[in-house]
**Student:** 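Quick one: this structure, given as structure tokens, is what I'll be asking you about.
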Amino acid sequence: MAHLGFVGTGTLADAVIRGLQTTAAAEHTYHLSPRSEGRSKALAADFPQNTVREESNEAVVEKSDIVLIGVLPKQISDLGRLPFRADQIIVSFLAGVPVDVLLQQVAPATRVVRMIPLPGVEFCKGPILMTPSDASVEELFGGVGELVIPARESDLDTISMATGLMSATFQLQNTVIDWMKSRNIADGVATPFVRSLYSGLAELALAAERQGHGLPPQNYETPGGLNETVRAYFNRTGWFDEMTKALDVVEAHRRTLMKKS
Ligand SMILES: NC(=O)c1ccc[n+]([C@@H]2O[C@H](COP(=O)([O-])OP(=O)(O)OC[C@H]3O[C@@H](n4cnc5c(N)ncnc54)[C@H](OP(=O)(O)O)[C@@H]3O)[C@@H](O)[C@H]2O)c1
């Protein structure tokens, strides 16, 4: 059994803890920062058998074997005063903050892993991007998502640009729902249909990947049918090219943010 310490128990850490608690990682003890008062109190109340809201960040770090950092990137300087130890593993959720910078904040700890879980981790769904490889961290998180471990830190940054597609994907679904509603389909019918449609497609794509074959879109359409019509329209109007451009834009935006920090 290990002691897991959370410094920064915001939206993401909350989802991570709730996901971990549904896996074999429920055998561990969870030490939470007293910050994020509402969330840390709720987590301690929901998991009283193994979760403690500590009196300070210092207490969290002192009691933990693995310290998980979930503050915002701009709050990183708050970490410098904490009593990290050389024997600890540090897992950072901070988007865009390189391992080199983290090492300065958590010295004398040297075993630092950058990780990008996503909100679906609460339901043990979705990718968990991390680097470098670390057996203990992989064992801990193996049950809560699909571990993706690029060898180079720069690849983690590149892959993470795709996480900028989350809210746009929801807007895409909402657009389809709104179209149905404009055709007098009740919200209670349109919404579950569309959410479930996209969920099923995601499962289909994952199954194809696990079976080692690709996802040629033409295999999922009838010549002259609905799907071919939509895809041809999107190709004709440059819709897929816009997706590439959006990723370029988000990459440039991240570079600007990193220069400012
Ligand atoms: N949300 C996502 O989907 C997502 C995905 C990938 C990566 N990330 C990364 O994960 C990190 C957290 O994101 P988030 O969405 O969870 O943000 P968030 O909800 O704003 O959580 C940040 C938390 O840090 C706490 N905090 C601030 N300073 C602190 C300190 N000195 N000691 C202890 N706690 C402190 C805040 O508590 P108070 O409320 O008390 O100020 C807040 O609850 C970010 O670095 C982000 O880049 C997030």
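FYI, side chains are in, hydrogens and waters are out, and symmetry mates aren't considered; it's all heavy atoms of this structure. Atoms within a ligand are numbered from 1 in the order they appear, just like the ligands themselves. In this text the structure is predicted, and so the values were computed from the model without any measurement.
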**Student:** Nearest heavy atom to atom 44 (C) of ligand 1 wins, so pick from L12, D14, V71, I76.
**Tutor:**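 Minimum heavy-atom distance to atom 44 (C) of ligand 1 goes to V71.
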
**Student:** Can Q21 and D46 be counted as having a side-chain donor-acceptor contact under 3.5 angstrom?
**Tutor:**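 Distance-only check fails for Q21 and D46.
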
**Student:** Using a strict 4.0 Å cut-off to heavy atoms of G70, name the atoms of ligand 1 that fall inside it.
**Tutor:**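 Those of ligand 1 that fall under 4.0 Å from G70 are 11 (C), 12 (C), 21 (O), 22 (C), 23 (C), 24 (O).
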
**Student:** From atom 17 (O) of ligand 1, work out which of V97, N57, L72, V7 has a heavy atom at the shortest distance.
**Tutor:**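 Looking at heavy atoms only, L72 sits closest to atom 17 (O) of ligand 1.
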
**Student:** Report the nearest protein non-hydrogen atom to atom 37 (O) of ligand 1: residue, atom name, distance rounded to 0.1 Å.
**Tutor:**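 Looking only at protein heavy atoms, the one closest to atom 37 (O) of ligand 1 is S36 OG, 3.2 Å.
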
**Student:** For E138 and S133, test the side chains for any donor-to-acceptor distance below 3.5 angstrom and give the result as yes or no.
**Tutor:** yes

**Student:** So, R53 versus S33: side-chain donor-acceptor pair below 3.5 Å or not?
**Tutor:**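 The answer is no; no qualifying pair exists.
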
**Student:** Using a strict 4.0 Å threshold on nitrogen-to-oxygen distance, state whether D157 and R114 make a salt bridge.
**Tutor:** yes

**Student:** Which atoms of ligand 1 are found less than 4.0 Å from any heavy atom of D78?
**Tutor:** 28 (N), 30 (C), 31 (N)

**Student:** In terms of side-chain heavy atoms, does R195 have a donor or acceptor partner in Q173 at a distance below 3.5 Å?
**Tutor:** yes

**Student:** Taking heavy atoms and a distance under 4.0 Å, where does S33 meet ligand 1: side chain, backbone, both or neither?
**Tutor:**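 Only the side chain of S33 comes within reach of ligand 1.
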
**Student:** Does the N or O separation between A95 and ligand 1 drop below 3.5 Å for any pair?
**Tutor:** yes

**Student:** Under 4.0 Å, heavy atoms only, figure out whether ligand 1 is touched by the backbone of T11, its side chain, both or neither.
**Tutor:**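 The answer is both, backbone and side chain.
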
**Student:** What atoms of ligand 1 come closer than 4.0 angstrom to any heavy atom of P119?
**Tutor:** 3 (O)

**Student:** Which protein heavy atom lies closest to atom 28 (N) of ligand 1, and at what distance to 0.1 Å?
**Tutor:** R35 NH2, 3.2 Å

**Student:** Taking the minimum heavy-atom distance to atom 6 (C) of ligand 1, which of P117, A13, G38, S56 ranks first?
**Tutor:**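 Nearest heavy atom to atom 6 (C) of ligand 1 lies in P117.
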
**Student:** Between D241 and K245, is there a side-chain N and carboxylate O pair less than 4.0 Å apart?
**Tutor:** no

**Student:** Please determine, by modelled atom types, if H28 and H3 share a side-chain donor-acceptor pair under 3.5 angstrom.
**Tutor:**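 The criterion, which ignores hydrogens and geometry beyond distance, is not satisfied for H3 and H28.
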
**Student:** Quick one: look up the protein heavy atom nearest atom 7 (C) of ligand 1 and list residue, atom name and how far away it is.
**Tutor:**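 It is F93 O, 3.5 Å.
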
**Student:** Using a 4.0 Å cutoff against the non-hydrogen atoms of G8, which atoms of ligand 1 qualify?
**Tutor:** 24 (O), 25 (C), 33 (C), 34 (N)

**Student:** When you measure from the side chain of Q88 to the backbone of V61, do you find a donor-acceptor pair of N or O atoms at a distance under 3.5 Å?
**Tutor:** yes

**Student:** Evaluate the ring planes of F234 and F240, with Trp represented by its six-membered ring, and classify them as parallel (under 30°), tilted (30 to 60°) or perpendicular (over 60°).
**Tutor:**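 Answer is perpendicular, since the angle exceeds 60°.
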
**Student:** List the closest protein heavy-atom neighbour of atom 21 (O) of ligand 1: residue, atom name, distance to the nearest 0.1 Å.
**Tutor:**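 Going by distance alone, atom 21 (O) of ligand 1 is nearest to G10 CA, 3.2 Å.
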
**Student:** I need the atoms of ligand 1 closer than 4.0 Å to a non-hydrogen atom of I116, numbered in the order shown.
**Tutor:** 6 (C)

